[in-house]
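This report refers to the structure that appears directly beneath it.
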Amino acid sequence: QFPNECQLDQLNAIEPSHVLKAEAGRIEVWDHHAPQLRCSGVSFVRYVIESKGLYLPSFLNTAKLSFVAKGRGLMGRVIPGCAETFQDSSVFQPGQQGQGQQGRGQQGQGQEQEQEQGQGQRQSFRDMHQKVEHIRSGDTIATPTGVAQWFYNDGNQPLVIVSVLDLANHQNQLDRNPRPFYLAGNNPQGQVWLQGRQQQPQNNIFNGFPPEVIAQALKINVQTAQQLQNQQDNRGNIVFVKGEFGVIRPPLRGQRPQEEEAVGN
Amino acid sequence: GLEETICSARSTDNLDDPSNADVYKPQLGYISTLNSYDLPILRFLRLSALRGSIRQNAMVLPQWNANANAILYVTDGEAQVQVVNDNGERVFDGQVSQGQLLAIPQGFAVVKRATSDQFRWVEFKTNANAQINTLAGRTSIMAGLPLEVISNGYQISPQEARKVKFNTLETTLTHASGPASYGRPR
């Protein structure tokens, strides 16, 4: 903190000062240089995600505490070292799996798929990932620094999440600025809340690596590696999901799992 | 009471002993970490350390320090290192060699690839329990994300998303081939 930052002789109600528009919503950022926010050492953000909108994975340089002000949806986090405990091999309806079988009809792809199967039992799952939770209005969500997080609105009204970013928190090892790191998507407007930086579009973290290095690290081809850089993509960081969002999710509170109902007969 | 606590506390530990490696691949090398679980006094300092020793063409998979800055010092050999900042810009792309220092701030992604027979370095981290997250590998961010998020986020097919997620089975070290430097970003 700079000296006298809390010498406030007047407070006022403040509105967001920056709005980042995206394909399926917007991110509204309060100016963290405003005297009262600077004194408290925090930044404040509001995420508005339209129905079927996916806020792409990102992580921050500090701890974040969020509150679901409106709507409902899904929230996923990737915590370093945690296992993919959500596993399922029947997430999609038979029609989708038929699609896979169609793939098998094309000899080369089929072989590849079988080869993948050959890479160990683990790959016979349809998918497995870290925990996904239902969120609803009133939920309060704690996100440690460096933990990637994504949201998806599976309701009919906008999902509104407000977050305080504790810039003075000891988990922030950088300066007193909110610095989101995007793992996917990009921010064509740039980090407009940062002073002194020539505003350039903000890209995702893959964008900074040569595609060849990404290809080697992920053992994929260079074309797919270039795709991960989202360079031809101007959707922003909240994108629409086309079709079904088949993420493995637990039953909603109060909803009995199907198997139990079957037993009930 | 000080005799039993502070005065008798252990304050040294050796990181050059491969038998204590936390990550080990016979063909590629090893990495050892020293945090407050290994050396409790580090809890007071809020610092930790890492020692790496890898062979030529071994790559430390792209990763970021989730809760610490890292100060990398090269003790032997050379490596090609790339670092990417929060704006997705490559802020370092070059060779580091013996005696050189490189600071890698929290959240900045880094990839290292040994270009000499042996590349050995020590990293000092500004957190007693420094955590990394990797961009590739069996315990990476990609492995933790649902296929839906990957295919929608990057606009790639479910099959491609599957490859991105599952192809790399290593967790930290892998073997890289081809040229080590790729010129400046587009």
Side-chain angles (χ1 to χ4, degrees), chain A residues 54 56-57 59 61 76 78-82 84 103 109 116 119 123 127 129-130 132 144-148 150 171 173-174 179-186 190-191 200 202-210 212-214 216-220 224 227-228 230 233 239 241-242 245-248, chain B residues 46 59 61-62 64-69 82-91 105-107 109 111 113 126-127 131-137 139 141-150 152-156 158-160 162-164 166-169 174 176-179 182-183 185-186:
Chain A
L54 170 66
L56 294 175
F59 63 88
N61 61 317
V78 181
I79 301 173
C82 290
E84 294 82 33
Q109 206 176 4
E116 278 176 19
Q119 278 181 355
Q123 292 197 10
D127 193 6
H129 48 71
Q130 288 196 22
V132 171
T145 186
V147 168
W150 57 267
Q171 290 195 1
Q173 304 264 327
L174 301 180
R179 291 183 183 278
F181 293 78
Y182 292 132
L183 290 166
N186 51 37
Q191 299 191 65
Q200 296 154 13
Q202 181 184 15
N203 294 301
N204 74 33
I205 217 161
F206 282 108
N207 190 75
F209 288 109
E212 295 79 8
V213 172
I214 298 170
Q216 280 181 7
L218 288 167
K219 297 185 171 40
I220 54 178
T224 306
Q227 198 63 19
L228 298 188
N230 287 116
D233 184 344
V239 300
V241 171
K242 302 177 184 56
F245 190 61
V247 163
I248 305 159
Chain B
R46 290 195 180 189
M59 171 195 278
L61 286 169
W64 75 86
N65 289 290
N67 60 355
N69 300 318
Q82 279 119 10
V83 180
V84 176
N85 71 1
D86 52 317
N87 224 40
E89 295 149 339
R90 195 180 318 160
V91 292
Q106 175 189 20
V111 64
R113 176 178 164 175
T126 55
N127 192 309
Q131 283 176 0
I132 66 163
N133 215 337
T134 54
L135 285 168
T139 56
I141 180 77
M142 286 300 170
L145 287 175
L147 283 169
E148 302 300 329
V149 173
I150 295 173
N152 280 283
Y154 299 109
Q155 294 178 303
I156 54 180
Q159 290 73 23
E160 289 299 318
R162 214 174 214 318
K163 289 176 188 171
V164 168
F166 289 117
N167 270 12
T168 301
L169 294 180
T174 192
S177 54
Y182 299 99
R186 276 194 289 277

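The chains referred to below are lettered A, B, ... by the order of the sequence lines, with proteins before strands, and numbering in each begins at 1.
Partners of A/T145 under the side chain to side chain contact (heavy atoms under 4.5 Å, CB included) rule, at least two apart in sequence or in another chain, are A/Q171, B/N67, B/Q106. Applying the side chain to side chain contact (heavy atoms under 4.5 Å, CB included) test to A/L56 and every residue at least two apart in sequence or in another chain returns A/L54, A/A184, A/V239.
Both the backbone and the side chain of A/N61 come within less than 4.5 Å of a heavy atom of chain B. For a residue to count as touching a neighbouring chain, one of its non-hydrogen atoms must lie under 4.5 Å from one of that chain's; by this rule A/F59 touches chain B with the side chain only. For A/P180, the part sitting under 4.5 Å from any heavy atom of chain B is the backbone (N, CA, C, O) and nothing else. Both the backbone and the side chain of B/Q155 come within contact range of chain A, each with at least one heavy atom under 4.5 Å from a heavy atom of that chain.
Ranked by heavy-atom pairs shorter than 4.5 Å toward chain A, the options B/A136, B/P105, B/G144 are led by B/G144. In terms of heavy-atom pairs under 4.5 Å with chain B, the best-connected choice from A/P57, A/G185, A/G76 is A/P57. Between chain B and the options A/H129, A/Q173, A/Q130, heavy-atom pairs under 4.5 Å are most frequent for A/Q173. Residue with the most contacts toward chain B among A/Y182, A/F181, A/F206: A/F181 (heavy-atom pairs, distance under 4.5 Å). With chain A as the partner, the residue from B/L61, B/N65, B/L135, B/I132 showing the most heavy-atom pairs under 4.5 Å is B/L135. Contacts with chain B were tallied for A/V147, A/N204, A/L183; A/L183 has the most, counting heavy-atom pairs under 4.5 Å. For chain A, the option among B/A176, B/G137, B/A143 with the highest count of heavy-atom pairs below 4.5 Å is B/A143. For the options B/V111, B/N133, B/V83, B/T134, heavy-atom pairs under 4.5 Å to chain A are most numerous at B/N133. For the options B/A109, B/G88, B/A68, heavy-atom pairs under 4.5 Å to chain A are most numerous at B/G88. Between chain A and the residues B/I141, B/T174, B/N127, the largest count of heavy-atom pairs under 4.5 Å involves B/I141.
Here B/R90 contributes atom CZ and B/N85 contributes atom CG; the two are 11.5 Å apart, rounded to the nearest 0.5 Å. For the atom pair CG (B/L147) and CD (B/Q159), the distance works out to 10.0 Å, reported to the nearest 0.5 Å. We find the CD-CD1 distance between A/Q227 and A/I220 to be 10.0 Å, quoted to the nearest 0.5 Å. A distance of 7.0 Å separates CG in B/N152 from NZ in A/K242, rounded to the nearest 0.5 Å. Going from atom CG of B/D86 over to atom CG of A/L174 covers 8.0 Å, rounded to the nearest 0.5 Å. Put simply, CZ on B/F166 and OG1 on B/T168 are 12.0 Å apart, with the number rounded to the nearest 0.5 Å.
Side chains of A/N203 and A/N186: a donor-acceptor N/O pair is absent below 3.5 angstrom, by distance only.
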